[in-house]
Novice: 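The structure is given below, and queries will be raised subsequently.
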Amino acid sequence: MNSFYFPIPENESERLLALASYNLLDTAPEDDFEELTLLASQICQTPVALISLLDDKRQWFKAIVGSDVSETPKEHSFCAYTIVETTDIMVVNDLREDDRFASNPLVTGDPNVVFYAGVPLITEEGFALGSLCVLDVKPKELTDEQTRSLKILARQVLAQMELRKKLVLLEKANQELLETNTFIKKFATTAAHDIKNPLSSILLTSQALQIRLKNTGDQKSCNLVALTINSSKRLLTLVDEMMAYSNTPALLLSNQQCLDLNKLLKNVVNLLDMPHNITVTLPKIEHTVVCSAVVLEQIFINLFTNAVRYNDKPQGSINILFREEDDRYSFKIIDNGVGIAYANLEKIFEKDVTLNTTDRFNKKGNGLGLYTVKLLIDKLQGNIYAESKLGEGTTFVFAIKKNPSLVATELNNVQYQQ
């Protein structure tokens, strides 16, 4: 038989793409692969063992024991037959007596290979990338134990390949995430600057207007200007706090404050400028919580905004209930809006999920509000879920740990206070 004949798998183009995805070809030696190859040589008692990978032109050795050769032409490769003709193991006790290999230059000349045994390295998708094989310069037979061990080692080689591939992908993802975070920080800094400039101008203009109105006796206008001044100051503070947390995420857990809950909720309501037909009911009993102010504000801003946007009733309502427990603060935000279908109650916290619903202003959401809420609550080692009936309204239930260093527990059915 022509020594330059070698079999080609039917799915060769797909196999080559699968091989390329591992990024192993022409890489430096690695201990994990070298050690497995050494074990194969010792267990099978052969002078040569190797891990071969076959591309379109050559057989390249990721690891080899007993030789300093790094690759051979594909047409001389024993493994080319292994990956086509078996999914188990191919053993040729004497290559000189096998028509497929008798005229192979590796058999007829240096290194005068006589014995070959190879196990194909087959991916979960069914692509044979190469093989783990052992070779000898004299006829040989493997025992059942040696055959079984060689198969086990081949599975370990493939496992190392998969692990290496995942690590490379993880490093790439981490690098992309780092680049994205860097971009976001730069963008946030620029956006904060762009927001603060007009806010500062509004604040200065309002303060000047307040001075002029003091002597006019127009108390209604003075009150409106005072509201504008307070809102501007709060927005400026909020932008500064958000920037601080953006640059140092650890502040979410370390920067805890003693907060008047109702005062914080009133600030959020004033900041959002609630429509006149929406009634917000705060807890009747004053409560003090120890938490990050900016995080709680962001959570309530998003939940209140949703409650307003998706309310179709002539008289809307948002009712906030609170309960303090031994290790956590628990909240309920109840509205009488359009409601959410049961099948979507878990999806709403996923990124970019909008449910194709338009709000009262005929606009669609961007799928980030509730996703952001869940991220913030997760940071505080808490939980959140939703209950809803279409046409009747939605209740968001969330709890946050008093001590964020403790492991978050599941929400229980608790009695809430108004």
Novice: If we ignore angles and hydrogens, is there a donor and acceptor under 3.5 Å between the side chains of N230 and N270?
Specialist: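 Looking only at side-chain atoms, N270 and N230 do not form any donor-acceptor pair under 3.5 Å.
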Novice: Do the charged groups of D26 and R58 touch, with an N to O distance under 4.0 Å?
Specialist: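 Yes, charged N to carboxylate O under 4.0 Å.
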Novice: Under 3.5 Å, is there a donor-acceptor pair linking the side chains of T27 and K62?
Specialist: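 Distance-only check passes for T27 and K62.
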Novice: Distance only, no hydrogens: is a donor on one side chain within 3.5 Å (strictly under) of an acceptor on the other, for S330 and E325?
Specialist: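 Short answer, yes.
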Novice: Write down the atom of A40, the atom of L132, and the distance for their closest heavy-atom approach.
Specialist: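 In terms of heavy atoms, the two residues are closest at CB-CD1, 4.2 Å.
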Novice: Ignoring hydrogens and angles, tell me if any N or O in the side chain of R15 forms a donor-acceptor pair with the backbone of A128 under 3.5 Å.
Specialist: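 Judged by distance alone, yes, a pair lies under 3.5 Å.
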Novice: side-chain contact (heavy atoms from CB on, under 4.5 Å), that's the test. Do L264 and F300 meet it? Break it down for me.
Specialist: CA-CA 9 Å; L264 181 142; F300 283 114; 4.1 Å; yes
Novice: Using a 3.5 Å distance criterion without hydrogens, assess whether the side chain of S388 forms a donor-acceptor pair with backbone atoms of I340.
Specialist: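 Yes, the answer is positive, given that a donor and an acceptor are paired below the 3.5 Å cut-off.
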Novice: Please evaluate residues T372 and Q298 with respect to the criterion side-chain contact (heavy atoms from CB on, under 4.5 Å), reporting the C-alpha separation (whole Å), side-chain torsions for both, the decisive distance (0.1 Å), and the verdict.
Specialist: CA-CA 9 Å; T372 300; Q298 286 300 306; 5.7 Å; no
Novice: A quick test of your reading: do over 12 heavy atoms of other residues, nucleotides or ligands sit less than 6.0 Å from CD of E124?
Specialist: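 Not buried by this count: 12 neighbours or fewer within 6.0 Å.
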Novice: Identify the residue among I51, I152, L129, T37 that makes a side-chain contact (heavy atoms from CB on, under 4.5 Å) with V157.
Specialist: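 That would be I51.
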Novice: To the nearest 0.5 Å, what is the distance between OG on S317 and CG on D335?
Specialist: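 These two atoms lie 7.0 Å from each other.
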Novice: Would F101 and Y81 count as a close aromatic pair, with their ring centres under 6.0 Å?
Specialist: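 Under 6.0 Å, so yes.
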Novice: Can you list the steps and then say if V119 with D88 is a side-chain contact (heavy atoms from CB on, under 4.5 Å)?
Specialist: CA-CA 6 Å; V119 181; D88 185 42; over 6 Å; no
Novice: Verify side chain to side chain donor-acceptor pair (under 3.5 Å) between K165 and S21, making sure each step is shown before the conclusion.
Specialist: CA-CA 8 Å; K165 179 181 180 180; S21 71; 3.2 Å; yes
Novice: Kindly assign one of parallel, tilted or perpendicular to the pair F396 and F349, based on the angle between their ring planes and the thresholds 30° and 60°.
Specialist: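 Plane angle over 60°, so perpendicular.
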Novice: Give me the atom names and distance for the closest heavy-atom approach of T288 to C258.
Specialist: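 The answer is CG2-SG, 3.1 Å.
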Novice: For residues S131 and T82, is any side-chain donor paired with an opposing acceptor at under 3.5 Å?
Specialist: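 Short answer, no.
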Novice: Taking all atoms of both residues into account, what is the closest heavy-atom pair of M161 and Y22, and its distance?
Specialist: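 Heavy atoms only, the tightest pair is O-CD2, 3.6 Å.
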Novice: Is any NZ, NE, NH1 or NH2 atom of the basic residue among E324 and K402 found under 4.0 Å from an Asp or Glu carboxylate oxygen of the other?
Specialist: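 Salt bridge flag = yes for K402 with E324.
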Novice: With a 3.5 Å cut-off and no angle check, do the side chains of E387 and T395 form a donor-acceptor pair?
Specialist: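 Absent: no donor and acceptor within the cut-off.
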Novice: Within the distance-only criterion (no hydrogens, no angle test), does the side chain of K74 pair as donor or acceptor with the backbone N or O of D55 below 3.5 angstrom?
Specialist: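 Flag set: sc K74 to bb D55 pair under 3.5 Å.
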Novice: Measuring from atom CD of Q219 to atom CG of L224, what distance do you get when rounded to the nearest 0.5 angstrom?
Specialist: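 Here the rounded value is 10.0 Å.
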Novice: Apply side-chain contact (heavy atoms from CB on, under 4.5 Å) to residues I299 and F331 and explain how you reach the verdict.
Specialist: CA-CA 11 Å; I299 291 170; F331 301 84; over 6 Å; no
Novice: Would you check, one step at a time, whether the test side chain to side chain donor-acceptor pair (under 3.5 Å) holds for S206 with T228?
Specialist: CA-CA 7 Å; S206 299; T228 302; 4.9 Å; no
Novice: Mind checking the CZ-CZ spacing from R164 to F33? Nearest 0.5 Å is all I need.
Specialist: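 Answer rounded to 0.5 Å: 6.5 Å.
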Novice: Answer yes or no: are there more than 12 heavy-atom neighbours, outside E346 itself, under 6.0 Å from its atom CD?
Specialist: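 Counting other residues, nucleotides and ligands, CD of E346 stays at 12 neighbours or fewer.
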Novice: Please determine if K374 and D378 form a salt bridge, counting it only when a charged side-chain N lies under 4.0 Å from a carboxylate O.
Specialist: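 Counted as a salt bridge, because a side-chain N and a carboxylate O are separated by less than 4.0 Å.
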Novice: Out of V84, T86, I89, which residue meets the side-chain contact (heavy atoms from CB on, under 4.5 Å) rule with P120?
Specialist: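 Only match with P120 under side-chain contact (heavy atoms from CB on, under 4.5 Å): T86.
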Novice: Within a radius of less than 6.0 Å around NZ of K266, do more than 12 heavy atoms belonging to other residues, nucleotides or ligands occur?
Specialist: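 Counting neighbours around NZ of K266, 12 or fewer heavy atoms of other residues, nucleotides or ligands fall under 6.0 Å, so no.
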Novice: Measure across L153 and L39 and return the closest heavy-atom pair with its distance rounded to 0.1 Å.
Specialist: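 Nearest pair, atom of L153 first, then L39: CD1-C, 3.9 Å.
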Novice: Can you name the closest pair of heavy atoms from V134 and A49 and give their distance?
Specialist: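 Shortest heavy-atom separation between V134 and A49 comes out as CG1-CB, 3.9 Å.
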